[in-house]
Amino acid sequence: MPDAPVLGAEARADVVDHIALARLYGEPLFALPSDLYIPPDALEVFLETFEGPLDLLLYLIRKQNFNILDIPMADVTRQYLAYVEQIRKRNLELAAEYLLMAAMLIEIKSRMLLPPRRSEEGKEAEDPRAELVRRLIEYEQMKLAAARLERLPQLGRDFLRAQVHIEQSLAPQYPDVEPAELREAWLDILKRASLIQHHKISREELSVREHMSIVLRRLQGRRFAMFEDLFDAERPPQVKVVTFIATLELAREHLIELTQAEAFAPIYVRLAYQPA
């Protein structure tokens, strides 16, 4: 492989001494291509930009420390027209808005050259600059307010909103409750409440002998009586128990007889003796 060419001392000096205009694919470019087209206004630099005619007027007044309540119309108008003439040569559409204000300044200047006329009431005429001053003061107040708002912290420019990602498993999803399920839950509560009701138990002394006498009185004058007829359905359970015990005691003492025609047939009760 042939050796790479070595730059001479003069060639290396040219590369070091000359400042590269640009870099193309990493390589320094010391001269512009001959076929490169550059638009006439591509390299223009605007040192001052204004948002409108009032912004330009306010800039001219504040830059020269003029009293905004006593504007020297001759100087301000001359400087304003010089700026409008510059932008009119480059951008006619942009100059149209400024030309309207230029006409207003020329009118104010011409009115100040004429002697003031008094009104019918004898009062002096209003200063021709009054309306312009009012508009400039209002514009300056709005501009200062906009600058104060611009200095406030803004989301995305001065700070960012913190965001936290929560896994789906950390946020449980609960099923919806249907009205029918609520009804079933309420009925279950009532059912369980009925099982734990409090009963007040009062002590009642019951005599087996007394109920033996009651059973004998019920059987007097009757040949037979059904076993169920000896028990009063409206009496409490403890009374029925004592009545059953009294019946068994009477049968043990052979004072009554319990008979049955066949298996599973009704049980009958009768006195074991016939009273005189």
Side-chain angles (χ1 to χ4, degrees), residues 19-24 29 32 36-166 171:
I19 299 176
L21 298 177
R23 284 184 176 274
L24 182 62
L29 186 66
L32 294 178
L36 179 63
Y37 172 75
I38 301 177
D41 55 350
L43 301 179
E44 289 186 0
V45 179
F46 294 91
L47 299 180
E48 299 292 346
T49 56
F50 304 100
E51 298 179 358
L54 288 177
D55 196 27
L56 173 59
L57 276 178
L58 189 62
Y59 169 78
L60 296 175
I61 293 171
R62 294 307 185 192
K63 182 180 180 181
Q64 301 175 83
N65 295 325
F66 290 151
N67 185 2
I68 196 171
L69 300 178
D70 187 15
I71 303 174
M73 296 304 301
D75 296 340
V76 173
T77 303
R78 183 173 60 256
Q79 297 174 15
Y80 183 88
L81 291 177
Y83 181 84
V84 172
E85 182 64 22
Q86 293 180 8
I87 63 175
R88 188 180 64 84
K89 296 178 180 178
R90 297 177 175 86
N91 193 337
L92 186 60
E93 295 181 359
L94 181 62
E97 184 180 2
Y98 288 85
L99 288 174
L100 182 62
M101 177 60 70
M104 180 179 178
L105 293 177
I106 294 173
E107 180 187 3
I108 295 175
K109 179 181 177 182
S110 61
R111 288 174 58 188
M112 293 181 64
L113 296 176
L114 299 175
R117 293 181 298 176
R118 295 182 178 273
S119 62
E120 298 179 356
E121 292 80 6
K123 298 180 181 179
E124 293 185 357
E126 186 181 16
D127 191 335
R129 300 170 296 181
E131 178 63 20
L132 178 62
V133 170
R134 182 187 63 80
R135 292 176 59 183
L136 286 173
I137 292 176
E138 291 179 355
Y139 177 78
E140 186 176 28
Q141 291 176 349
M142 296 299 296
K143 188 175 182 179
L144 293 176
R148 287 194 295 269
L149 291 176
E150 182 67 20
R151 288 194 295 269
L152 295 177
Q154 295 184 13
L155 176 63
R157 187 192 68 181
D158 303 312
F159 64 93
L160 298 175
R161 182 183 291 109
Q163 297 181 355
V164 179
H165 177 70
I166 301 177

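Quick note: numbers below take in every heavy atom, side chains included, and nothing from hydrogens, waters or symmetry partners. The first residue in the sequence is number 1, and the count goes up from there.
Under the 4.5 Å side-chain criterion, counting only non-hydrogen atoms from C-beta, Gln64 is not in contact with Asp75. No side-chain heavy atom of Phe66 sits less than 4.5 Å from a side-chain heavy atom of Ile71. No side-chain heavy atom of Leu152 sits less than 4.5 Å from a side-chain heavy atom of Asp158. Side-chain atoms of Asp55 and Lys143, non-hydrogen and from C-beta on, do get closer than 4.5 Å to each other. Ile108 places a side-chain heavy atom less than 4.5 Å from the side chain of Met104.
Nearest heavy atoms, Met73 versus Leu105: CE-CD2, 3.6 Å. For the residue pair Leu57 and Leu136, the shortest heavy atom distance occurs at CB-CD2, 4.0 Å. Residues Leu54 and Met101 approach most closely at CD2-CE, 3.9 Å, considering heavy atoms.
Once rounded to the nearest 0.5 Å, the distance linking CG of Leu69 with CD1 of Ile137 reads 5.5 Å. Between the CZ atom in Arg78 and the CG atom in Leu60 there is a gap of 11.0 Å [rounded to 0.5 Å]. Residue Gln154 holds its CD atom at 9.0 Å from CG of Leu149, rounded to the nearest 0.5 Å. Between the CZ atom of Arg134 and the CD atom of Glu138 there is a distance of 4.5 Å, given to the nearest 0.5 Å.
Between the side chain of Tyr80 and the main chain of Tyr98, a donor-acceptor pair closer than 3.5 Å is present.
Taking the charged nitrogens against the carboxylate oxygens, Arg135 and Glu131 have no contact shorter than 4.0 Å, which rules out a salt bridge.
Every residue two or more places apart in sequence or in another chain was checked for a side chain to side chain contact (heavy atoms under 4.5 Å, CB included) with Met142, and none qualifies.
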